[in-house]
Amino acid sequence: MFPNIYLATFIFLYIAAYCFYVKISHGLGHKAEYLQLRRFFPCAVLAVLPAALVTLPLTSGLYLSSLLVGLVWIITYPTLYYVTNRKVSSDFGFHLDFVFGLYVIGWLTSIKILVLMANITPVFFLTSISLAEFILLLIPLLQWCYFYIYGTCIDTNGITLVQDTHYNEIIEFIRSFSMKTIFFLMFAAGIILFSILALNLSSLEILILKSDTISLLIIIVICIFLTFYLWKRYLWKNNRGVFVRTGIVELYLDIKKYTETSKLYTKNTEERIKNLSVTPTKPVFSKPSTIVLIIGESASRDYMSAFVDYPYDSTPWLHQQKETSNFLLFPHSYSSIIHTVPALERALTEFNQYNDKEFYTSISIIDIARKAGYKTYWYSNQGYLSSSDTPVTLIAATADTAKWTKQNLNTIQYDESLLEYLKEVNSKENNFVIIHLKGSHFNFINRYPKEFTKWGEPGKYDLILNYINSLAYTDHVIEKIYNYAREKLNLQAILYFSDHATRPDKRRSPNFDGFATVRIPMFAYFSDEYIEKNKSVYETLKLQKDYYFTNDLVYELLCSILGINSNHFDETNSLASPKYKYTRETLKTNLGKTSLKDDNS
């Protein structure tokens with residue numbers, strides 16, 4: 001049993017960490033809260049256990065310096081992000097900063113105990129550990145400096161600036177401060193380093209009260225486990241160490257990866273476009289016109305009243321519009337995979353489940369639309385950048401105008417905020433506009449304003465009702481996009497599809513979890529002028545609207561809607577072509593591993 005002081009410290013760290021996490025996070029569902037309640041328990045145990053096993057005083061400098069490092073990591077990025085984004089972002093949380101902070105206390109403490117117990121050049125090793133602690137402290141301390149200077153948490157722009165800065169520019173930046181400021185900063189850094197050294201080296205006089213073999217073995221196991229768990233880049237397939245998944249480090253690595261892949265994508269784009277031929281090179285409408293692509297998120301047609309006989313009218317606007325000849329709904333549409341990025345990198349390029357092309361060498365729908373004479377726009381309410389978002393961001397960045405709500409700190413991030421961006425679209429030009437919604441991304445209750453609640457209690461956590469409300473809100477947003485584009489932009493066509501579906505009452509799995517996760521909604525709107533001038537496209541789609549389709553073929557469908565012929569357009573992949581070659585028996589999902597014929601719903 002822990003002596004009282006160790007037990008009390010464990011309880012304090014556990015409760016304080018959890019309460020602080022809940023306080024400075026937004027949009028946590030009950031499942032997320034319960035998950036962290038369980039997760040923080042072993043973290044707090046290991047923060048204290050090494051010291052308890054050898055009865056190391058928790059007031060010793062050796063433990064206090066470790067505690068300092070851990071607590072500063074727990075507090076810094078989550079707090080600064082909260083202060084900066086609490087009024088504009090509906091959901092965020094950085095639980096891995098807490099995990100790292102608690103575990104790093106136990107990791108550092110266990111290493112120091114082993115150094116003292118081995119008693120082999122302890123001064124050298126404790127000095128080295130002190131330097132490591134100083135470096136670990138510098139990462140959050142520099143974030144506080146950034147916040148003090150700029151009044152905001154470091155973000156994509158700040159990290160990009162850091163990565164793009166030449167060492168000569170760093171020298172010039174330092175010289176821009178007064179000598180008094182430079183001296184103060186150097187003095188403060190020296191004081192921090194000296195204090196850490198003093199705390200650790202004072203432990204040389206500690207008498208370890210308990211150092212039996214069992215305790216030693218347990219501490220060695222803890223040390224080895226935490227070394228791998230915290231620092232291993234990949235512990236096993238597709239799983240990274242905790243350090244690289246903390247808020248600031250993940251942001252840094254995301255920007256680094258984006259920069260590297262951007263160069264590759266740009267290089268390949270230049271090569272691709274050089275050989276791209278498109279006809280016609282100008283839209284055929286009587287005056288400048290707009291075609292809109294709307295990408296949904298996690299929407300399932302199984303819960304949409306426009307597609308199925310559902311108890312709630314979750315899509316009232318679309319339900320009404322489907323009775324008109326201008327709207328076509330496609331009730332047998334599926335996603336190619338249950339994850340956003342691999343689904344969209346196929347949907348938006350000629351790369352799909354059925355060919356041997358690669359993303360980085362494939363023409364995108366933006367490439368081909370620009371070549372066809374359209375001004376291209378990308379407006380997104382999804383995250384601007386993460387390592388998983390990189391392919392989609394790269395496609396978006398090639399548009400003539402590309403904007404993300406999360407880059408605008410004055411925008412509350414409901415999908416309706418994207419309507420403001422539409423005002424930038426020039427009605428005197430031919431436009432191809434892509435709008436990427438947040439849609440019904442988990443946590444569903446954060447996807448719509450409380451006052452929009454149609455079913456259930458506003459603000460009450462109920463997975464099914466929250467999800468249905470989010471679908472109704474998406475229906476409302478699409479209606480507003482449709483109305484604005486018709487009135488202001490001479491709208492000719494809209495294509496809407498979701499990246500993938502979801503089962504709102506079940507925890508999402510990283511692996512294929514049944515057809516309910518890929519049965520997506522898709523519909524198209526065509527103006528009277530579009531139908532008159534593109535009768536073949538419209539009539540073919542109307543005839544084939546009940547055909548089976550996977551969203552990795554959206555690229556070819558859009559080529560048909562845009563009226564494009566090209567050496568990078570396979571007409572047999574287009575649902576709008578009489579040559580469409582796919583059937584329920586030949587179409588796949590789960591990236592080619594699962595046949596649609598097996599969906600017996």
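Model, not experiment: these values are computed from the prediction.
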Measuring only between side-chain heavy atoms, which start at C-beta, is [X] closer than 4.5 Å to [Y]?
| X | Y | result |
| --- | --- | --- |
| Leu418 | Thr405 | yes |
| Ile295 | Leu437 | no |
| Ile74 | Pro78 | no |
| Phe327 | Phe526 | no |
| Leu596 | Thr589 | yes |
| Met522 | Tyr496 | no |
| Tyr334 | Leu587 | no |
| Pro316 | Asp475 | yes |

When the aromatic ring centroids of [X] and [Y] are compared, is their separation below 6.0 Å?
| X | Y | answer |
| --- | --- | --- |
| Phe10 | Phe41 | yes |
| Trp107 | Phe100 | no |
| Tyr379 | Tyr421 | yes |
| Trp317 | Tyr482 | yes |
| Phe94 | Tyr81 | yes |
| Tyr548 | Tyr582 | no |
| His95 | Phe40 | no |
| Phe444 | Phe442 | yes |
| Phe452 | His476 | yes |
| Tyr530 | Tyr538 | no |

How far apart are the closest heavy atoms of [X] and [Y], and which atoms are they?
| X | Y | answer |
| --- | --- | --- |
| Thr583 | Thr586 | N-OG1, 2.9 Å |
| Asn551 | Ala347 | O-CB, 3.1 Å |
| Lys450 | Pro458 | O-CB, 3.9 Å |
| Ile468 | Tyr312 | CD1-CD1, 3.7 Å |
| Arg245 | Gly241 | NE-O, 3.5 Å |
| Val554 | Phe549 | N-CZ, 3.8 Å |

With no hydrogens and no angle check, just 3.5 Å: does a side-chain donor-acceptor pair link [X] and [Y]?
| X | Y | answer |
| --- | --- | --- |
| Arg38 | Tyr34 | no |
| Thr349 | Ser364 | no |
| Tyr310 | Asp302 | no |
| Gln492 | Ser527 | yes |

Check: Looking at Lys506 and Asp513, does any basic side-chain N land under 4.0 Å from a carboxylate oxygen?
Finding: yes

Notebook entry, point to check: Could you go step by step and tell me if Tyr414 and Asn446 meet the side-chain hydrogen bond (donor to acceptor under 3.5 Å, both in side chains) rule?
Noted result: CA-CA 8 Å; Tyr414 296 117; Asn446 298 317; over 6 Å; no

[X] side, atom [atom1]; [Y] side, atom [atom2] - distance, nearest 0.5 Å:
| X | Y | atom1 | atom2 | value |
| --- | --- | --- | --- | --- |
| Leu344 | Ile395 | CG | CD1 | 7.5 Å |
| Leu463 | Thr502 | CG | OG1 | 10.0 Å |
| Ile248 | Cys153 | CD1 | SG | 6.5 Å |

Next item on the list: Measure from NZ or CZ of Arg346 to the centre of the six-membered ring of Tyr354, then state whether that distance is under 6.0 Å and the direction lies within 45° of the axis.
Entry: no

Check: Within 45° of the ring axis of Tyr21 and under 6.0 Å from its six-membered ring centre, is that where the NZ or CZ of Lys23 lies?
Finding: no

Check: So which of Thr340, Asn381, Thr474 actually passes side-chain hydrogen bond (donor to acceptor under 3.5 Å, both in side chains) with Glu297?
Finding: Thr340

Next item on the list: Run through Ile363, Leu348, Asn352 and flag the one making a side chain to side chain contact (heavy atoms under 4.5 Å, CB included) with Tyr555.
Entry: Ile363

Next item on the list: Please confirm whether the backbone N or O of Thr453 pairs with a side-chain atom of Asn469, one donor and one acceptor, at under 3.5 Å?
Entry: no

Note to self: Does atom NZ (Lys542) have a neighbourhood of more than 12 heavy atoms from anything else shown, all under 6.0 Å?
What the structure shows: no

Check: Where do Tyr303 and Tyr467 land on the ring pair (Phe, Tyr, Trp, His ring centres under 6.0 Å) test, with the steps shown first?
Finding: CA-CA 9 Å; Tyr303 292 82; Tyr467 183 70; 5.4 Å; yes

